[in-house]
Q: 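Below: one structure in structure tokens.
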Amino acid sequence: AQTVTQSQPEMSVQEAETVTLSCTYDTSESDYYLFWYKQPPSRQMILVIRQEAYKQQNATENRFSVNFQKAAKSFSLKISDSQLGDAAMYFCAYRSSSSGTYKYIFGTGTRLKVLA
Amino acid sequence: EPEVTQTPSHQVTQMGQEVILRCVPISNHLYFYWYRQILGQKVEFLVSFYNNEISEKSEIFDDQFSVERPDGSNFTLKIRSTKLEDSAMYFCASSEFNTDLYGYTFGSGTRLTVV
């Protein structure tokens with residue numbers, strides 16, 4: 001069975017600085033999807049960035065980028081130029097590409113605090 | 001921006017009581033999901049629903065749980081006889097396709113407290 005591990009329950013970053021959130025996963029599959037979701041306080045989870053395992057190039061969305069290391073099964077999220085609005089819970093998630101399954105497997109989350 | 005709406009935001013119920021959690025997915029979405037998060041633990045998959053039937057469920061989703069889409073707009077999760085360990089945040093989500101081009105759209109969640 002697949003598992004997702006986020007080893008940092010909480011992280012802090014100064015406004016305008018860069019922070020990296022860690023995520024590792026375990027799977028025997030060769031093709032899958034990886035995601036980072038952001039959950040602001042009392043708000044719904046929103047998709048930050050996604051990565052297809054067959055793509056070697058790391059995904060980037062504006063200030064958010066990932067470091068996808070398939071062999072190491074690592075999928076970290078880098079937030080550059082951190083803003084106060086980035087403060088949230090961040091969840092790493094895995095989804096198999098096998099047909100017939102739609103579920104995400106989430107990590108326990110990392111709470112990011114942004115310090116002014 | 002279309003949203004997935006969940007009601008109520010917080011529900012307190014007595015152990016053994018039935019509870020229904022409601023969700024209104026995005027109107028053109030075809031796939032619907034329930035997840036839950038026990039405080040301090042990871043978000044766990046419960047069930048996915050497509051074409052008016054369950055397409056996948058986890059081992060958490062036992063006979064005490066059921067889902068339905070009663071009127072083409074609402075998507076409900078029913079817990080027949082709540083237990084203390086059902087206390088959790090329940091998230092509804094929907095997606096247009098079963099691929100992940102844009103990921104799911106999640107609701108804000110219902111915090112269920114069983115006392």
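Chain A is the first sequence line, chain B the second, and so forth, proteins listed ahead of strands; every chain is numbered from 1. Keep in mind the model is a prediction, meaning the values are calculated, not measured.
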Q: First locate atom CD of A/Gln44, then atom CZ of B/Phe91, and finally report the distance between them rounded to the nearest 0.5 Å.
A: 10.0 Å
Q: Would one find more than 12 heavy atoms of other residues, nucleotides or ligands at under 6.0 Å from atom CZ of B/Arg69?
A: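 Count over threshold, so yes.
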Q: Should A/Phe35 and B/Tyr104 count as side-chain neighbours, where that means a heavy-atom distance under 4.5 Å?
A: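 Heavy-atom side-chain distance check fails, nothing below 4.5 Å.
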Q: Would you compute the distance between atom CG of A/Leu47 and atom OG of B/Ser95 and round it to the nearest 0.5 angstrom?
A: 12.0 Å
Q: Hey, is the main chain of A/Tyr104 close enough, under 3.5 Å, to the side chain of B/Tyr35 for a donor-acceptor pair?
A: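 Indeed, once roles are kept as given, a pair shorter than 3.5 Å links the two residues.
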Q: Please look at B/Glu3 and chain A and tell me whether the side chain, the backbone, both or neither of the residue comes under 4.5 angstrom of a heavy atom of that chain.
A: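 The answer is the side chain of B/Glu3.
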Q: Just give me the residue among B/Ser58, B/Gly107, B/Ala93, B/Ser48 that pairs up with chain A most often, heavy atom to heavy atom, under 4.5 Å.
A: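 Option with the greatest count: B/Gly107.
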Q: Which bit of B/Gln6 comes within less than 4.5 Å of chain A, counting heavy atoms only: side chain, backbone, both or neither?
A: neither
Q: With a sphere of 6.0 Å drawn around CD of B/Glu85, does it hold more than 12 non-hydrogen atoms of other residues, nucleotides or ligands?
A: yes
Q: In terms of heavy-atom contacts, does CG of B/Asn28 have more than 12 from other residues, nucleotides or ligands at under 6.0 Å?
A: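 More than 12 heavy atoms, drawn from other residues, nucleotides or ligands, come within 6.0 Å of this atom.
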Q: Between atom NZ of B/Lys42 and atom CD1 of A/Ile105, what is the distance when rounded to the nearest 0.5 Å?
A: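 Interatomic distance, B/Lys42 NZ to A/Ile105 CD1, rounded to 0.5 Å: 8.5 Å.
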Q: Give a yes or no on whether A/Lys70 atom NZ has more than 12 heavy-atom contacts from other residues, nucleotides or ligands under 6.0 Å away.
A: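 Atom NZ in A/Lys70 is packed in, count exceeds 12.
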Q: Rounded to the nearest 0.5 Å, what separation is found between the CZ atom of A/Phe106 and the CZ atom of B/Phe45?
A: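 The distance works out to 11.0 Å.
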Q: Using non-hydrogen atoms only, which part of A/Gln39 is less than 4.5 Å away from chain B: side chain, backbone, both, or neither?
A: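 Interface part for A/Gln39: side chain.
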Q: Please check if atom NZ in A/Lys73 has more than 12 non-hydrogen atoms from other residues, nucleotides or ligands closer than 6.0 Å.
A: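 Yes - once you tally the heavy atoms of other residues, nucleotides and ligands closer than 6.0 Å, there are more than 12.
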Q: Looking at B/Leu84, I want to see if its CG is surrounded by more than 12 non-hydrogen atoms of other residues, nucleotides or ligands under 6.0 Å.
A: yes
Q: Roughly how far apart are B/Gln37 CD and A/Thr108 OG1, rounded to 0.5 Å?
A: 9.0 Å
Q: Just wondering, are more than 12 heavy atoms of other shown residues or ligands nearer than 6.0 Å to CD in A/Gln57?
A: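 Counting other residues, nucleotides and ligands, CD of A/Gln57 stays at 12 neighbours or fewer.
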Q: Side chains of B/Val43 and A/Phe91: does their closest heavy-atom pair fall under 4.5 Å?
A: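 When only atoms from C-beta onward are counted, A/Phe91 and B/Val43 do touch, with a gap below 4.5 Å.
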Q: Would A/Met89 end up clustered with A/Tyr37 when hydrophobic side chains under 4.5 Å apart are linked, directly or stepwise?
A: yes
